[in-house]
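Shown next, in structure tokens, is the structure this report addresses.
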Amino acid sequence: NMENIRPLMQKATFHVKTIQDAQTVSSVLAFITPDQKRVAIGLFELIVNAIEHGNLNIGYKEKTRLTSNGTLHTEIDRRINLSQNKDKVVKVSVKRFVNHLQFTIKDSGEGFDYSSYLEFAENRALDQYGRGILIANQLSFDTIEYRESGSKVICNVNI
């Protein structure tokens, strides 16, 4: 029975490169949490941010442009295959503690000013995206903490 696997998992690390990888890993990791949908959404949002913004250096305004002209996925694929990005991965790990699961997502980027994304912002309310961190912070995790200038995020889920 798959339910029995939850308490057995103590620690795991995944190396994620693509949006498809992000989907797979977020679903698998969410399975071991008490609220799978809630956690899967937050993990996916944060891993995608790490890929797009951290590893591939696609800025917020640039993502707006690429999204509006329908070329975001093409540009992601192109950048993943550039020589300077070939070896970049997002390290996603989980560790079990007595009362919580701790997820760590670490990219190879320079970091960013995450503080303005943790709360609701009216000026971004109608944007097509830019709410992933807000969702993760407000809905998906019991605590969320950025470190290393924003290139690492640690999220906890109580169990």
State yes or no: do [X] and [Y] share one hydrophobic cluster built from I, L, V, M, F, W and Y residues joined by side-chain heavy-atom distances below 4.5 Å, directly or via other members?
X: Ile19; Y: Val90; result: yes
X: Val48; Y: Leu66; result: yes
X: Ile159; Y: Ile144; result: yes
X: Val39; Y: Phe31; result: yes
X: Ile80; Y: Phe44; result: yes

Nearest-0.5 Å distance, [atom1] of residue [X] to [atom2] of residue [Y]:
X: Lys152; Y: Glu145; atom1: NZ; atom2: CD; value: 9.5 Å
X: Leu101; Y: Leu29; atom1: CG; atom2: CG; value: 9.5 Å
X: Asp107; Y: Glu148; atom1: CG; atom2: CD; value: 9.5 Å
X: Ile47; Y: Lys91; atom1: CD1; atom2: NZ; value: 14.5 Å
X: Met9; Y: Lys95; atom1: CE; atom2: NZ; value: 11.0 Å
X: Ser108; Y: Asp87; atom1: OG; atom2: CG; value: 9.5 Å

| query | Hey, are Asp21 and Thr18 close enough side-chain-wise for a donor-acceptor pair under 3.5 Å? | reply |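 Checked: Thr18/Asp21 side chains pair up, N/O donor to acceptor below 3.5 Å.
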Are side-chain heavy atoms of [X] and [Y] found at a separation under 4.5 Å?
X: Leu56; Y: Ile51; value: yes
X: Lys106; Y: Ser151; value: yes
X: His15; Y: Thr13; value: yes
X: Leu43; Y: Ile105; value: yes

Using every non-hydrogen atom in the two residues, find where [X] and [Y] come nearest and quote the distance to one decimal.
X: Arg78; Y: Glu75; result: NH2-OE2, 2.8 Å
X: Val89; Y: Lys17; result: CG1-CG, 3.8 Å
X: Glu52; Y: Ile76; result: OE2-CD1, 3.5 Å
X: Glu62; Y: Asn57; result: OE1-O, 3.9 Å
X: Ala40; Y: Ser26; result: O-CB, 3.8 Å
X: Leu46; Y: Cys155; result: CD1-SG, 3.5 Å

| query | More than 12 non-hydrogen atoms from neighbouring residues, nucleotides or ligands closer than 6.0 Å to CD on Gln36, yes or no? | reply |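 Yes, enclosed.
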Main chain of [Y], side chain of [X]: is a donor-acceptor contact present, judged purely on distance under 3.5 Å?
X: Arg96; Y: Arg6; answer: yes
X: Ser149; Y: Gly111; answer: no
X: Ser93; Y: Ala12; answer: no

| task | Please step through side chain to side chain contact (heavy atoms under 4.5 Å, CB included) for the pair Arg79 and Ile58, ending with a clear verdict. | result | CA-CA 9 Å; Arg79 289 192 190 198; Ile58 298 173; 3.4 Å; yes
| query | When the ring planes of Phe103 and Phe141 are compared, do they come out parallel, tilted or perpendicular, using 30° and 60° as the limits? | reply |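 Ring orientation of Phe103 relative to Phe141: tilted.
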